[in-house]
Every structure is written in structure tokens, then in C-alpha cells.
Amino acid sequence: MADIFAVEPPLAPDEAELIEPFEPTALAAPRPADPVPVRFAPHRSRTRPAPLLPSEPSLFPWLARRFAPGEATVWVGPSLAVEPVLESLYIGSALARGRISLLEGGNRFRPYRLGELGRAFGLDATEPLRRIRLARAFTAYQTVALVDGWAREVRRHPPTLLVGHDLPALFAADELGTDERDELLRHIARSLRRLLDGLPVPLLLTLGPDGLGRFPGLADEGPRWCDLVAFDRGPRTLRVRSVRDDARLALVPRAPGQRGIEEFGEATSEEVIAWDVPPRRTVRRSRSG
């Protein structure tokens, strides 16, 4: 059975606040006669009651510029590159007093890691978890049912950000035929499009390194896109690129106070931001005498 609950550690099943059980049913949604072409939605002046993410550190405003209400932002890349930034996004949302509705397809949510990150940013360890409502399934059919019920969930508990983490994961794990798998994922893409119609909330979808190849229908039948962001991790550096405006970001280990080479010479299109930096030593060795 799929779970929908407010996340508070520990995540023992008997302590979860179960909102709505369901019985998976066969789906036979017709395919639209005229599929919607892939396109980035034109940016318009929009107002938000509050910022999606804080203004500091600089990673947060860079990420926030890749989101827009009622539109989807897609992150693609290996999980070792995407998921640390995704966890930072959860913390940033908590710092901005936002609320996240998370549909977890990869079953890789780490509540205790979020608690540690929250403390590093001055939050109570439970605060980021209280601000996330998590839905997770254990079969492909349950994933479909949760997406179909997502609109009802957000009406009951309005979020500031929707996150679908690796929704195709269970479709690769379950023994489904190619045609059935593709049609179910196309059904999910159409459901996501209907979900965002008239909903002034951004949607983040994360995919693996295969990107859109794992999610038939997302490009041509899914919601309108705000941006596609590609992640890649190399030795001691995590690189991120926005496809919409070709903005680039490098996350590197940098000691506090150390200046980056991008501050000198001509302007560069790549921002370099310190990331995963150990704290500076604050205690000096004592001397005898």
C-alpha cells in the first residue's frame, strides 16, 4: 500500500499519518489527438506571496530562478549529483517557511540527513521534515494512483513547491511490458499537466542520467516547462547547467573566505559557489609558558 504522510522522524510505518489508502485500478486513459509540443513557457511578470528560497547562500537564488508557478522544472543527471542539491533545496524551502508536497518514486528520501543539514543552517532538526508531506509507493501502479490523486492532496494541504523525485524508477523495477510501461508513463505525464493547470505552484521533476528517455510522454504530453537543468559530478566539482538560458554553475569545495578565480578578469558565464565545505577551525593550539 502506498503511504501519504507528513514526515517527522522516525519514519516508522506505524507512526505515519496515513491520509488516504487506495486500491490500484487499471488505467485506460485515451491519448490526446493533438499532443502538446515541448516548449519552454514564456516568462511573464509574476508575483509570489513569499520567495521560494532564501537569498543566501548564493546557490538558492540561482536555483530559484529556474522555477515558475504552474510550470515544470526538470533536473537530469546521476543521483550522486542531483540528490545533494535536492536535499539543499528542501532545506532552503524550510528556511523560506515553504511547504513541499513530495512524491518519492526512487524511495531514497533520507530524513536524518535532512535533520543534519537543517542544524547546519541553524534550524531545528525536525523543522525541514515538518514542512514536507511525503507520498511514496512500492509499485508502478501505486505511483500512477498517487499522481492521479495529487491534485486532491494539494487542495487539502496547499504547498509552495511540488516535487516528483524519480517517478519512473518503479517502472524500470516492475516487470512491465514496454507498451504498458510507456502508456502508464504517458498517463502520468498527462496527469501532471492537468495538475498544474490553474495551480500557481512550481513543479520539480528529477530524472536519472538517461533523462527524458526514461519518461515517455513528458516532453510532448506533459506540463509546460520552465527549465531543464543538467547535473554532472566530477572530481571535487559538481557542475550544473540551465538549458533555458545556458547559465552555468560550479559547486566546489572552498574554504570559508577563500576568493574564487571568477572574481578576477573578464566576466564569465559560470558561477562558482562553495559547496560541501568543512567548517573552519576556530580553536588555536595552546602554548606552554
Side-chain angles (χ1 to χ4, degrees), residues 1-22 48-57 59-61 63-64 66-67 73 75 79-138 142-143 146-147 149-167 169-170 195 199 201-206 231 251 275-277 279:
M1 178 180 292
D3 295 337
I4 305 180
F5 50 85
V7 181
E8 294 186 9
L11 285 179
D14 57 344
E15 295 182 4
E17 177 194 351
L18 187 61
I19 301 301
E20 184 175 8
F22 64 85
R48 288 194 182 101
L52 185 67
L53 297 170
S55 60
E56 293 291 340
L59 171 64
F60 291 149
L63 293 176
R66 271 73 235 177
F67 291 96
T73 297
W75 289 4
S79 59
L80 287 177
V82 171
E83 290 175 10
V85 181
L86 181 62
E87 291 170 341
S88 296
L89 178 74
Y90 296 155
I91 299 302
S93 176
L95 288 168
R97 304 188 64 79
R99 295 193 176 275
I100 290 175
S101 180
L102 167 62
L103 204 166
E104 174 61 62
N107 204 18
R108 295 192 298 273
F109 185 79
R110 303 188 298 174
Y112 296 106
R113 170 61 178 162
L114 286 188
E116 294 171 1
L117 283 175
R119 282 195 296 267
F121 279 88
L123 293 171
D124 183 273
T126 62
E127 181 65 13
L129 302 175
R130 290 196 182 102
R131 293 184 170 275
I132 297 175
R133 286 186 63 82
L134 169 66
R136 62 184 179 186
F138 304 98
Q142 290 178 348
T143 301
L146 285 174
V147 173
W150 211 352
R152 184 168 56 252
E153 163 68 13
V154 300
R155 286 195 300 269
R156 293 174 176 173
H157 304 277
T160 55
L161 176 65
L162 303 168
V163 178
H165 178 220
D166 202 3
L167 297 184
L170 290 172
L195 171 67
L199 184 66
V201 177
L203 167 66
L204 170 62
L205 297 172
T206 68
F231 289 71
L251 300 170
W275 174 70
D276 199 22
V277 178

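These numbers were taken from a predicted model, which means no experiment stands behind them.
For the pair P54 and G92, the tightest heavy-atom approach, listed with the atom from each and the gap, is CD-O, 3.2 Å. Closest heavy-atom contact between L123 and P128: CD1-CG, 4.1 Å. In plain terms, the two heavy atoms of G105 and A169 that are nearest each other are O-CB, 3.5 Å. Nearest heavy atom pair, residue A96 against residue L52, reads CB-O, 3.7 Å. Closest of all the heavy-atom pairs between T160 and S93 is OG1-OG, 4.3 Å. Scanning both residues, A64 and L53, for their nearest heavy atoms gives N-CD1, 3.9 Å.
L162 has its side chain within reach of S101: a pair of non-hydrogen atoms, C-beta onward, lies under 4.5 Å apart. Between L117 and Y90 the shortest side-chain heavy-atom distance does not fall below 4.5 Å. The shortest side-chain heavy-atom distance between L86 and L204 falls under the 4.5 Å cut-off. Annotation: side chain of W150 is not in contact with side chain of L199 (no heavy-atom distance under 4.5 Å). Contact check for R108 versus D166: side-chain heavy atoms found under the 4.5 Å cut-off. P57 places a side-chain heavy atom less than 4.5 Å from the side chain of F121.
Ion pairing between E127 and R131 holds under the 4.0 Å rule for side-chain N and carboxylate O.
Distance CG/L203 to CZ/F67: 9.0 Å, rounded to 0.5 Å. A distance of 12.5 Å separates OG1 in T143 from CZ in R136, rounded to the nearest 0.5 Å. Here the CZ-OG1 distance, from F231 to T206, works out to 9.0 Å after rounding to the nearest 0.5 Å. Atom CZ of R66 and atom OG1 of T73 lie 9.5 Å apart (nearest 0.5 Å). Atom CD of E87 sits about 8.5 Å away from atom CZ of F109, to the nearest 0.5 Å.
Annotation: R97, atom CZ; neighbour count of heavy atoms from other residues, nucleotides and ligands within 6.0 Å does not exceed 12.
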